[in-house]
Amino acid sequence: MKTLIGRWQTWAGFGVAAVLLFGVAPAVLSSFRLGLLGQYLCYAIVAAGIGLAWGRGGMLVLGQGVFFGLGAYMMGMHLKIADAEVRKQAVPDFMQIAGTTKLPAFWEPFSSVAFTLLAIVVIPTAIAVLLGLGVFKRRVKGAYFAILSQALAAALAILLVNPSFHLGGSNGLNGFRTFFGFRLSDPVNRQMLYFIAAGVLLITVAVVRQLMQSRYGELLVAVRDGEERVRFLGYDPANVKVVAYTAAALFASIAGALFAPIIGFITPAQVGVVPSIMFLIGVAIGGRTTLLGPVLGAIAVAWAQTTFSERFPSGWTYAQGLLFIVVVGFFPAGLAGLGALLERRRRRATEPVPTPLPEHEKVGASK
């Protein structure tokens, strides 16, 4: 009976989310604000993967900007090639300015839609598997793993700036005009991009929920809480971690691929160390051990950054840091766990206080 009720609650939750994302938001938001919400949903997709890897698996992934950037740049390369083909140019516009007359060899496969979509899924996944096996098999964890993943994000940002890679340098890839043949200047097509991001987010949350509710999810939590005990029971904790780490990398890559056409550009500044930390802040504030906490936290933090930075450009960064410190220091479960904390305090306050025994009864009881 409880299982049936839980399923109905889950379906009801997804139904409410679908109504809000596909019905209410397009009706009440302007085209500009709807585009901003599409960006926030991309952040939420990344956060859902981080919640699985960090919240359930205990892996502090400080390098999700690597996979987010890979997906964004691969999509950006295809969009720039498509724009050049529409204009009947041999190379994208920024390459012409730099004096390049022939498309670099590693750019050519991305002229294909099928190859681009396949690469967005396969390349980050393969990198995550190889990196995860290399790191977790050697039992690297904790702060060492966090530093390593952050170093990878910094290295990718530096490589993207290198002119020899023909990726736009510090300016990145920008000026996207079409998305698989649809003009991005058309508000209807931009709304279509938002709907795609909303649909992908719902699918991502459903996949993460299934992983958390499955036997694998229980094993992942067991690895987080007692890795040596899991190894003693005959399981390899490295393989368990690799699955969660790879899933988080895949979600980040897909989010980056959607983010590029929604925002209209992608630069190294959006895939380095700072963005990777920003992803974690949203997850921590929302509640990393819950299903919806990371998603709602990422959207709330991104919205707050946009709203308050418009009014207080120099003060938002300090406010965000203070909020992160307060939540981590006093609410380790994030805002999602605040309700449970208040409920426990309410129960303690309503519990009857035991009446002390009179002195003569104490004496009798002692005898």
Side-chain angles (χ1 to χ4, degrees), residues 39 41-50 52-53 59 61-82 92 104-135 148-162 164-174 176 179-180 196-197 200 204 242 244-280:
Q39 298 175 32
L41 297 184
C42 293
Y43 297 146
I45 295 171
V46 182
I50 295 177
L52 177 66
M59 294 168 281
V61 283
L62 281 173
Q64 290 305 93
V66 172
F67 306 107
F68 184 83
L70 286 174
Y73 266 89
M74 285 188 286
M75 177 61 75
M77 291 166 67
H78 171 76
L79 298 182
K80 293 302 293 183
I81 293 175
F106 74 96
W107 272 71
E108 293 180 358
F110 290 96
S111 61
S112 168
V113 175
F115 179 87
T116 301
L117 295 178
L118 186 64
I120 289 170
V121 173
V122 173
I123 293 179
T125 300
I127 293 175
V129 170
L130 294 176
L131 180 62
L133 289 175
V135 171
L148 176 61
S149 59
Q150 193 173 57
L152 290 174
L156 177 64
I158 294 173
L159 288 175
L160 292 175
V161 177
N162 193 327
S164 61
F165 286 94
H166 301 285
L167 292 173
S170 58
N171 295 325
L173 305 178
N174 52 62
F176 306 136
F179 176 75
F180 298 151
I196 294 174
V200 171
T204 301
V242 166
Y245 182 64
T246 303
L250 175 60
F251 297 149
S253 177
I254 294 174
L258 291 171
F259 181 83
I262 288 176
I263 197 174
F265 62 90
I266 186 68
T267 66
Q270 295 168 307
V271 302
V273 173
V274 174
S276 298
I277 296 176
M278 293 290 293
F279 293 142
L280 282 178

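Heavy atoms only: backbone and side chains are in, while hydrogens, waters and symmetry mates are out.
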Report summary line: The reported gap from CZ in F279 to CD1 in I45 (rounded to nearest 0.5 angstrom) is 10.5 Å

Report task. Find out whether F179 and I196 are in side-chain contact, i.e. whether some heavy atom of one side chain is under 4.5 Å from a heavy atom of the other. Result -> yes

Report summary line: Contacts satisfying salt bridge (Lys or Arg N to Asp or Glu O under 4.0 Å) that involve residues 110-132 (not counting sequence neighbours) are none

Query raised in the report: If you round to the nearest 0.5 Å, how far is CG of L167 from CG of L159?
Result: 10.0 Å

Query raised in the report: Could you state the interatomic distance from OG (S112) to CD1 (I81), rounded to the nearest 0.5 Å?
Result: 10.0 Å

**Report entry** Spatial distance of atom OG (S253) from atom CG (L70) [nearest 0.5 Å]
**Finding:** 6.5 Å

Query - I277 and Q150, any side-chain heavy atoms less than 4.5 Å apart - result: yes

Requested in this report: Verify side chain to side chain contact (heavy atoms under 4.5 Å, CB included) between I123 and I127, making sure each step is shown before the conclusion.
Outcome: CA-CA 6 Å; I123 293 179; I127 293 175; 3.9 Å; yes

Requested in this report: For the residue pair M75 and F259, establish whether any side-chain heavy-atom pair is separated by less than 4.5 Å.
Outcome: no

Requested in this report: With rounding to the nearest 0.5 Å, note down the distance linking CD1 in I266 to NZ in K80.
Outcome: 13.5 Å

Requested in this report: Measure the spacing between CE of M74 and CG of L118 and express it to the nearest 0.5 Å.
Outcome: 10.0 Å

Query raised in the report: Centroid-to-centroid, F115 to F110, below 6.0 Å?
Result: yes

Requested in this report: Apply ring pair (Phe, Tyr, Trp, His ring centres under 6.0 Å) to F251 and F67, showing your working.
Outcome: CA-CA 9 Å; F251 297 149; F67 306 107; over 10 Å; no

Query raised in the report: Mind checking whether L152 and L131 have side chains closer than 4.5 Å, heavy atoms only?
Result: yes

